[in-house]
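Before we start, here is the structure in question, set down as structure tokens.
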Amino acid sequence: MAALELDRVSKIYGSRGQHGLRAVDAVSMAIKDGEIIGLLGSSGCGKTSTLRMIAGFESVTEGEIRLGGKVVNQLPPARRNVAMAFEGYALYPPLTVRDNIAFSLLRDKRSKAEVETKVQEIAELLAITDLLGRYPPTISGGQAQRTSLARALVRQADLYLLDEPMSQLEPQLRAILRARIKDFLIQRRMTTVFVTHDQTEALALADRIAVMEAGVLQQFATPQALKDRPANLFVASFIGEPPMNIFAARIAREGGSLRLTALTEDGADAFSLSLPGAETGGQLATTLGGRSTVRLGIRPHLVEVGASGELAGTVISNQWLGDQTHIGVELGGATLIAVADGALAAPVQSAVRLALPIEALHLFDADTGVALMHGLEVATPGVQAA
Amino acid sequence: MTEATLWSRLLRPVLLTLVALFFLFPIFWVFLMSFQTNEQILRIPPSLFFSPTLDNYWGLVSGKLVTAAGTLELPFMRNLWNSVVLSTGAVLLSLLLGVPAAYAFARFKFRLGEDIAFTLLSFRFAPPLLVLLPLNLYFQTLGLNDTYIGLIWVYQLITLPLILWIVRGYFEDISPDVEHAYRVDGHGWLKTFLKISIPLARPGIAAAALLSFIFAWNNFVFALILGSSSIQPVTVGALAFVTASGIQYGQIAAAVVLSILPTLTLALYAQRYLVEGLSLGAVKG
């Protein structure tokens with residue numbers, strides 16, 4: 001196990017200096033020994049390129065990758081001592097599942113009995129014991145994926161790289177294995193970087209998550225921090241299901257307090273809130289500076305639906321999802337999604353009252369999308385947070 | 001009875017038999033001819049019934065062609081051996097050069113890569129006669145005329161592009177991640193190539209080798225111009241059966257049967273091997 005550092009790492013495809021494609025743009029991350037890191041982002045955001053640079057299959061165009069304090073940029077994959085599970089499984093077709101898993105162990109000249117114990121252990125963890133005698137072409141995608149995962153986890157490496165490790169598993173199995181794999185990684189203090197586009201997986205498995213978009217690291221923080229203090233509009237809208245409600249908003253100063261007016265898509269006034277100026281003192285005003293417009297984000301889970309709410313709206317959709325309800329509410333021409341626990345008796349077209357607690361509100365710069373305020377807390381700039 | 005079962009039960013076997021007869025009858029006829037004397041072959045009308053003789057084969061093996069005009073020396077077994085040496089040599093050399101090249105073309109993007117690959121393929125487009133005259137002059141200067149090395153070199157025009165392009169396709173079908181997985185396990189590039197890439201592409205390499213062997217075996221014009229009787233293969237050697245006292249049909253037939261044998265056995269052997277290779281499911285993990 002070892003710590004991993006990425007220092008302003010870039011990957012440019014095509015010729016350098018010319019109009020190459022910048023797939024990864026100056027990504028910096030410091031990953032502690034034994035930490036589990038999720039690289040999260042949509043397709044083509046550069047997360048797999050980052051992973052492959054760490055493994056050594058892609059050259060690093062700019063920057064440095066350090067593994068255990070040593071620069072590995074020029075080291076071939078074979079000498080980095082990393083284990084990797086590939087998105088396309090990449091099993092050796094002529095070998096059985098057992099031999100695929102045992103392959104690297106046998107090379108290390110371990111005793112047959114020890115290898116067999118290790119293979120059994122990992123096979124039980126990933127529920128593939130009954131497949132050990134089969135050949136890769138005869139097993140399903142999900143089974144092949146677990147085999148490939150087993151082949152990586154069984155190794156004794158400094159760093160484990162998992163590319164979409166659970167994308168092919170059915171939801172129930174995925175939930176079970178996620179928990180088992182997390183325990184396994186924590187017990188052995190295995191430094192792990194995994195790539196996923198599934199935020200549930202990232203939130204559940206990772207100690208910290210790196211959210212990437214267009215090759216740029218947007219935020220690198222704990223799952224809690226990503227939810228409570230998103231660094232910018234992209235992270236705010238990417239993390240969370242259903243996504244954060246985002247509105248353009250206008251700020252007006254009324255004596256000691258601030259009045260925030262959310263706008264519809266056409267720019268008309270939708271609804272307004274007054275922010276308590278007294279409680280925050282001048283801090284809120286200082287942070288907002290001379291801005292007259294901002295972007296307002298509201299977490300659906302924190303919207304309070306009930307009779308005591310100060311805002312009045314009309315229900316336009318109501319989705320009962322089994323243990324929570326997503327309701328769409330029209331507020332003066334803008335649509336807001338709210339989440340209520342349990343079933344909510346709010347038929348479409350009925351009137352509903354909402355309250356927006358101050359903790360539910362996030363303010364972002366209207367132009368750059370950088371976070372300004374999370375509730376009453378001033379946002380700290382930068383993508384890295386402990 | 002449905003149409004499908006009628007089709008598969010009756011019509012298909014009948015049609016398959018017709019096709020097989022059409023293609024195999026000439027070979028069957030040649031096979032029969034190889035056991036007949038010239039007189040029996042040339043009688044009118046031809047007949048399927050005759051008393052078989054092994055004289056034709058004996059003549060070939062002993063190297064003596066007995067004709068009405070006398071006995072001729074005939075280096076047929078030597079020709080057969082030449083064919084084996086030339087074809088095997090050419091295919092082996094092509095494998096040695098072509099397989100790594102095919103891997104490079106499949107895996108790496110480099111400057112002029114596509115152009116080089118296409119140029120190699122274009123060797124197949126040029127009519128052999130076009131290059132033969134200049135080649136002949138060069139070979140005489142270089143002293144390569146009438147040598148195995150010279151002919152094997154020229155045979156690369158036939159075998160190398162074939163192997164390169166077929167094997168390249170197989171390499172492209174293998175997921176590079178299988179190689180990556182092996183390299184991450186702590187193996188170098190060369191070992192990955194030898195232990196993972198080549199075994200996975202083996203069915204393709206076998207098919208390409210077999211095909212190019214047949215092409216090399218059947219080649220006529222290169223050996224005719226660039227070699228003398230000491231290194232000429234069977235294709236050229238067969239010309240000797242056209243003698244002053246007539247064409248020795250029986251011996252030609254026996255020679256054809258003998259020269260088909262090596263390629264036929266190789267094909268049968270490799271076919272079994274190909275099926276096995278493919279059923280192991282190679283390519284896609």
Side-chain angles (χ1 to χ4, degrees), chain A residues 13-15 48 51-52 54-58 75-97 100-109 134-139 141 143-145 147-149 151-152 154-164, chain B residues 99-100 103-115 167 169-207 270 272-285:
Chain A
Y13 289 108
S15 11
T48 295
L51 200 73
R52 295 174 82 87
I54 301 172
F57 300 129
E58 301 280 1
L75 228 48
R79 292 182 43 214
R80 296 191 183 195
N81 196 24
V82 297
M84 183 160 177
F86 292 85
E87 190 181 4
Y89 327 134
L91 301 174
Y92 310 125
L95 301 183
T96 59
V97 168
N100 261 287
I101 299 173
F103 194 83
S104 61
L105 297 177
L106 289 170
R107 197 187 64 96
D108 293 346
K109 305 224 169 17
R134 305 262 296 271
Y135 286 91
T138 70
I139 62 181
Q143 293 168 331
Q145 189 160 45
T147 307
S148 137
L149 197 52
R151 185 176 62 178
V154 82
R155 281 188 53 195
Q156 204 83 57
D158 286 337
L159 176 67
Y160 296 81
L161 304 171
L162 315 175
D163 195 353
E164 301 277 4
Chain B
V99 172
Y103 182 77
F105 285 127
R107 278 286 179 272
F108 307 115
K109 295 273 160 282
F110 46 90
R111 252 160 62 90
L112 295 180
E114 282 309 311
D115 299 314
V167 175
Y170 271 81
F171 278 136
E172 278 169 353
D173 273 354
I174 301 171
S175 152
D177 276 349
V178 180
E179 294 166 15
H180 288 155
Y182 191 73
R183 286 173 65 190
V184 139
D185 271 351
H187 302 272
W189 174 88
L190 184 66
K191 209 167 167 208
T192 311
F193 175 63
L194 295 175
K195 293 267 172 159
I196 299 288
S197 320
I198 288 190
L200 286 182
R202 202 148 46 188
I205 296 174
R272 222 174 40 196
Y273 177 81
L274 285 179
V275 172
E276 189 185 282
L278 292 172
S279 67
L280 268 180
V283 194
K284 273 165 194 132

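Letters A, B, ... are given to chains in the order of the sequence lines, protein chains preceding strands, and every chain is numbered from 1. No experiment lies behind these values; they were computed from the predicted model shown.
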**OP:** Sort A:Arg79 into side chain, backbone, both or neither according to what part of it lies under 4.5 angstrom from a heavy atom of chain B.
**Re:**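 Neither; nothing under 4.5 Å.
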Original post:
Roughly how far, to the nearest 0.5 Å, is the CZ atom of B:Arg183 from the CZ atom of A:Arg80?
Top reply: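 One gets 10.0 Å once the value is rounded to the nearest 0.5 Å.
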Subject >> Atom pair OG (B:Ser175) and OH (A:Tyr89), whose distance is rounded to the nearest 0.5 Å >> reply: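 Nearest 0.5 Å value for the OG-OH distance: 11.5 Å.
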Subject >> B:Val184 versus A:Val82, closest heavy-atom pair with distance >> reply: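 Scanning both residues completely, I find the closest heavy atoms to be CG1-O, 3.2 Å.
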**OP:** Would you check, one step at a time, whether the test salt bridge (charged side-chain N to carboxylate O under 4.0 Å, His left out) holds for B:Asp185 with A:Arg151?
**Re:** CA-CA 10 Å; B:Asp185 271 351; A:Arg151 185 176 62 178; 5.5 Å; no
Original post:
What pair of heavy atoms forms the shortest contact from A:Gly88 to B:Asp177, and how long is it?
Top reply: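 Of all heavy-atom pairs spanning A:Gly88 and B:Asp177, the closest is N-OD2, 4.3 Å.
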**OP:** Taking all heavy atoms of B:Tyr182 and all of A:Tyr92, pick out the closest pair and write down the distance.
**Re:**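 The pair with the smallest heavy-atom distance is CA-OH, 3.2 Å.
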**OP:** Heavy atoms only: give me the nearest B:Gly188-A:Ala78 pair and the separation to one decimal.
**Re:**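 For B:Gly188 and A:Ala78, the tightest heavy-atom pair comes out as N-CB, 4.4 Å.
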